[in-house]
Trainee: 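My structure is below; once you've seen it, I'll send some questions.
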Amino acid sequence: MLQKAQVTTRFAPSPSGPLHVGHLLAALQARRLADAHGGRCLLRVEDIDQRAQHPEYLELMYEDLRWLNLHFDGEVMVQTQRFGVYEQTLETLRRMGVLYPCFCTRSEIKAQVAEMGRAPHATLGYLYPGTCRRLPADAVEEKLAAGLPHSWRLDMQRVQDLIGCPTWHDMRRGTQRCVPAAYGDVVLARKDFPASYHLSVVVDDAAQGVTHVTRGADLFDATHIHRALQGVLGLPVPLYCHHALLRDNAGKRLAKRDGARSIASLREAGFSPEQVLASLHEALQRGGVWWV
Ligand code: GLU
């Protein structure tokens with residue numbers, strides 16, 4: 001049995017477009033799981049990718065949440081205010097010897113993967129084959145001294161040597177085993193992008209004391225990467241629930257580009273919050289999405 005005060009969930013939208021009904025589903029999953037156990041549901045603004053953010057979407061998000069009468073507990077965490085914390089974590093990983101600079105461009109990586117006869121991973125894209133991991137130390141020094149653009153990658157084989165293959169638990173799919181080296185050496189930072197989603201989400205879930213992560217099934221594979229990072233950083237491991245995604249009539253997953261399903265457009269079309277919630281409920285009944 002879960003103990004009441006133990007449950008902390010979160011809704012963590014990236015305000016790179018208007019909130020849509022898929023976001024509403026994610027928010028409700030988190031809110032209801034917390035409420036079912038007398039716990040807390042926190043709000044975190046995942047605005048780390050500043051190339052994709054627009055301040056007007058953040059304002060609109062707060063307006064939509066108010067209109068929907070969705071409330072969150074405690075203070076809102078905003079990722080762009082936390083670059084210092086992410087940099088400290090990167091430094092910790094550097095000192096542990098599990099982070100290395102990578103000078104490959106996107107098209108070079110694509111070509112390397114194709115040459116190895118591999119297809120891109122279904123949800124994680126081109127898994128980096130570790131080319132720069134094998135660079136001699138003096139070549140690395142030379143490239144860094146020359147100011148060549150680079151990213152910082154997590155050496156997953158070394159992570160695996162340190163922590164082995166740990167498990168994590170999905171509330172719908174059961175216990176999962178993470179094999180760190182199977183996911184390629186992921187990027188944790190770049191010059192124009194000081195912390196990746198993988199890094200910030202793991203650091204922030206721990207900082208906010210999140211015990212239960214509810215999010216869309218599209219992030220299921222990413223959770224293996226998050227588990228590896230939690231292992232190497234010695235962070236607590238939340239329980240996960242990856243819920244099914246809303247789809248349109250053609251079976252295609254709803255996405256931000258489907259502006260017609262944005263909360264703002266439904267509001268402007270004259271729907272009430274209750275009607276929007278009822279439609280979502282009906283959609284879930286049709287799609288058999290898991291509820292608390
Ligand atoms: N920020 C992500 C999104 O808007 C969600 C990340 C997560 O829940 O871990 O899709």
Side-chain angles (χ1 to χ4, degrees), residues 7-34 40-54 57-58 60-62 64-65 68 70 72 76-82 86 123-125 168-173 176 178 183 186-188 193 195-230 233 235-247 253-259 261-264 289-290:
V7 173
T8 301
T9 64
R10 72 347 181 236
F11 173 49
S14 303
S16 55
L19 285 196
H20 57 75
V21 283
H23 286 110
L24 175 58
L25 170 60
L28 284 176
Q29 293 280 355
R31 182 72 265 174
R32 290 186 177 180
L33 180 59
R40 299 180 312 148
C41 179
L42 310 175
L43 176 63
R44 183 166 73 229
V45 177
E46 299 211 324
D47 55 350
I48 201 95
D49 185 353
Q50 289 171 300
R51 300 160 306 178
Q53 309 300 325
H54 302 277
Y57 290 137
L58 189 58
L60 187 61
M61 180 192 86
Y62 285 122
D64 290 343
L65 294 176
L68 290 162
L70 265 173
F72 297 92
V76 180
M77 180 176 273
V78 179
Q79 290 191 325
T80 43
Q81 295 171 0
R82 293 177 51 75
Y86 306 138
T123 59
L124 299 170
W168 56 277
H169 192 77
D170 183 278
M171 294 167 76
R172 301 181 76 209
R173 302 199 210 174
Q176 310 292 321
C178 155
Y183 296 94
V186 290
V187 169
L188 294 191
F193 193 40
S196 70
Y197 161 65
H198 299 309
L199 178 71
S200 57
V201 79
V202 162
V203 168
D204 291 348
D205 281 338
Q208 289 189 294
V210 172
T211 58
H212 292 64
V213 172
T214 57
R215 60 185 175 202
D218 53 330
L219 291 169
F220 184 87
D221 292 326
T223 302
H224 288 292
I225 295 165
H226 301 172
R227 180 64 187 91
L229 265 172
Q230 286 153 356
L233 290 167
L235 298 175
V237 182
L239 282 173
Y240 287 87
C241 177
H242 295 91
H243 58 80
L245 302 169
L246 290 180
R247 296 182 184 276
R253 175 189 157 199
L254 292 192
K256 280 178 193 143
R257 62 181 176 275
D258 299 307
R261 291 170 185 92
S262 75
I263 303 298
V289 174
W290 178 86

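Counting from 1, the numbers follow the sequence of the chain as shown. All ligand and atom numbering here is 1-based and tracks the order in the structure. Since we're looking at a predicted model, the values are computed, not measured.
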Trainee: Can you list the ligand 1 atoms lying under 4.0 Å from a non-hydrogen atom of Ser14?
Mentor: 1 (N), 2 (C), 3 (C), 4 (O)

Trainee: Under a 4.0 angstrom heavy-atom cut-off, which atoms of ligand 1 come close to Glu46?
Mentor: 1 (N), 2 (C), 5 (C), 6 (C)

Trainee: Under the side chain to side chain contact (heavy atoms under 4.5 Å, CB included) criterion, do Leu28 and Leu70 qualify, and how do the steps go?
Mentor: CA-CA 8 Å; Leu28 284 176; Leu70 265 173; 4.0 Å; yes

Trainee: If only atom types and distance count, is the side chain of Ser196 paired as donor or acceptor with the main-chain N or O of Val187 below 3.5 Å?
Mentor: yes

Trainee: Just jot down the ligand 1 atoms closer than 4.0 angstrom to any heavy atom of Ala12, in number order.
Mentor: 1 (N), 2 (C), 3 (C), 4 (O), 5 (C)

Trainee: My understanding is that only residues two or more places apart in sequence, or in another chain, count here; which of them pass side-chain contact (heavy atoms from CB on, under 4.5 Å) with Ala264?
Mentor: Leu60, Asp64, Ser262, Arg267, Glu268

Trainee: Check this for me - ligand 1, Arg10, N or O atoms closer than 3.5 angstrom, yes or no?
Mentor: yes

Trainee: Within ligand 1, which atoms have a heavy atom of Tyr197 less than 4.0 Å away?
Mentor: 6 (C), 7 (C), 9 (O)

Trainee: Minimum heavy-atom separation for Pro13 and Leu43, please, with both atom names.
Mentor: CD-CD1, 3.9 Å

Trainee: Sorted by first residue and then second, give each salt bridge (Lys or Arg N to Asp or Glu O under 4.0 Å) pair with at least one member in residues 200-216; sequence neighbours left out.
Mentor: Arg10-Asp205, Arg44-Asp205, Arg82-Asp204

Trainee: Could you tell me, atom by atom, which parts of ligand 1 come under 4.0 Å of a heavy atom of Pro13?
Mentor: 4 (O)

Trainee: Pick one: which of Tyr240, Trp168, Tyr197 meets ring-ring contact (aromatic ring centres under 6.0 Å, His included) with His226?
Mentor: Tyr197

Trainee: Any idea which atoms of ligand 1 are less than 4.0 Å away from a heavy-atom of Val201?
Mentor: 9 (O)

